[in-house]
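One-based numbering, in listed order, for ligands and for the atoms of each. Excluded from the calculations below are hydrogen atoms, water molecules and symmetry mates; all remaining heavy atoms, backbone and side chain alike, are included.
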Amino acid sequence: MACIFCQIVSGRIPSDIVYQDEEVIAFRDIKPQAPVHLIIIPRKHILSLAHLSEVDSALVGRMVAIANQLAKKEGAAQNGYRLVINCGEQGGQLVPHLHMHLLGGRGLSDTLG
Ligand code: AMP
Ligand code: ZN
């Protein structure tokens, strides 16, 4: 099992998990780019947004709903936050397991790469 996020799901590598249920887990990014920087992932290994099958597409809605709850819990909701899903090489995706970034707690640039 080479996938680093699958290893976080299985507990083989440690992470600072802030949320988990039967389908989704969320943990703190190891190299945070904002005071609040969480990674939200499906437990299931899905390579990227481009590899999301119709059957699994509802997962992304769940990930957004969980991110919204976590933004509130982390105190980032009131002033605003950003959800990002990088997809593929040119989309800036480094870890090949579908994930959403929740960024907040500071003013973020109004440019998108
Ligand atoms: P991306 O460029 O969208 O693939 O982002 C991958 C993110 O995963 C980066 O922000 C990394 O800092 C983060 N990351 C990589 N390895 C770990 C890890 N072991 N624990 C927490 N976050 C990680
Ligand atoms: Zn994986």
Sub-4.5 Å side-chain heavy-atom contact between Asp29 and Leu38:
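The answer is no, as the side chains (C-beta and beyond) never meet within the 4.5 Å cut-off.
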### Contacts of type side chain to side chain contact (heavy atoms under 4.5 Å, CB included), residue His45, not counting sequence neighbours
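Result, side chain to side chain contact (heavy atoms under 4.5 Å, CB included) vs His45: Cys3, Cys6, Leu47, His97.
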**Prompt:** So, does Arg43 use its side chain to make a donor-acceptor pair with the main chain of Asp21 at under 3.5 Å?
**Reply:**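 Confirmed, Arg43 side chain pairs with Asp21 backbone.
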Checklist line | Backbone of Val95 reached by a side-chain donor or acceptor of Gln93 within 3.5 Å | finding: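 Indeed, once roles are kept as given, a pair shorter than 3.5 Å links the two residues.
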Check residues 104-113 and write down every donor-acceptor pair under 3.5 Å in which the side-chain atom is one partner and the other belongs to a residue at least two apart or another chain.
residue : atom : partner : partner atom : Å
Arg106  : NE   : Gln33   : O            : 3.1
Arg106  : NH2  : Gln33   : O            : 2.7
Ser109  : OG   : Thr111  : N            : 2.9
Ser109  : OG   : Thr111  : OG1          : 2.6

* Asked: Charged N to carboxylate O below 4.0 Å: is that the case for Glu23 and Lys44?
  ->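 Not counted as a salt bridge, because no side-chain N and carboxylate O are separated by less than 4.0 Å.
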Next on the checklist: Just to be sure I understand the site: which N, O or S atoms from the protein are less than 2.8 Å away from the Zn ion (ligand 2)?
Outcome noted: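 Sorted hits: Cys3 SG, Cys6 SG, His45 ND1, His97 ND1.
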Check: every ligand 1 N/O to protein N/O pair under 3.5 Å:
residue  : atom   : partner : partner atom : Å
ligand 1 : 2 (O)  : Gly92   : O            : 2.8
ligand 1 : 2 (O)  : Leu94   : N            : 3.4
ligand 1 : 3 (O)  : Asn86   : ND2          : 2.8
ligand 1 : 3 (O)  : His99   : NE2          : 2.7
ligand 1 : 3 (O)  : His101  : NE2          : 2.8
ligand 1 : 4 (O)  : Leu94   : N            : 2.6
ligand 1 : 4 (O)  : Val95   : N            : 2.9
ligand 1 : 4 (O)  : His99   : NE2          : 3.0
ligand 1 : 5 (O)  : His99   : NE2          : 3.3
ligand 1 : 5 (O)  : His101  : NE2          : 3.3
ligand 1 : 10 (O) : Asp29   : OD1          : 3.3
ligand 1 : 10 (O) : Asp29   : OD2          : 2.5
ligand 1 : 12 (O) : Asp29   : OD1          : 2.5
ligand 1 : 12 (O) : Asp29   : OD2          : 3.4
ligand 1 : 22 (N) : Ile30   : N            : 3.1

So which atom in Leu52 and which in Ser57 form the shortest heavy-atom distance, rounded to 0.1 Å?
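Leu52 and Ser57 have their closest heavy atoms at CD2-CA, 3.7 Å.
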* Please name the pair of heavy atoms, one in Ala34 and one in Leu103, separated by the smallest distance, quoted to 0.1 Å. =>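 Smallest heavy-atom distance, with atoms named: CB-CD2, 4.1 Å.
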> Is the Phe27 ring parallel, tilted or perpendicular to the Phe5 ring (thresholds 30°, 60°)?
Replying inline: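 Rings of Phe27 and Phe5: perpendicular, over 60°.
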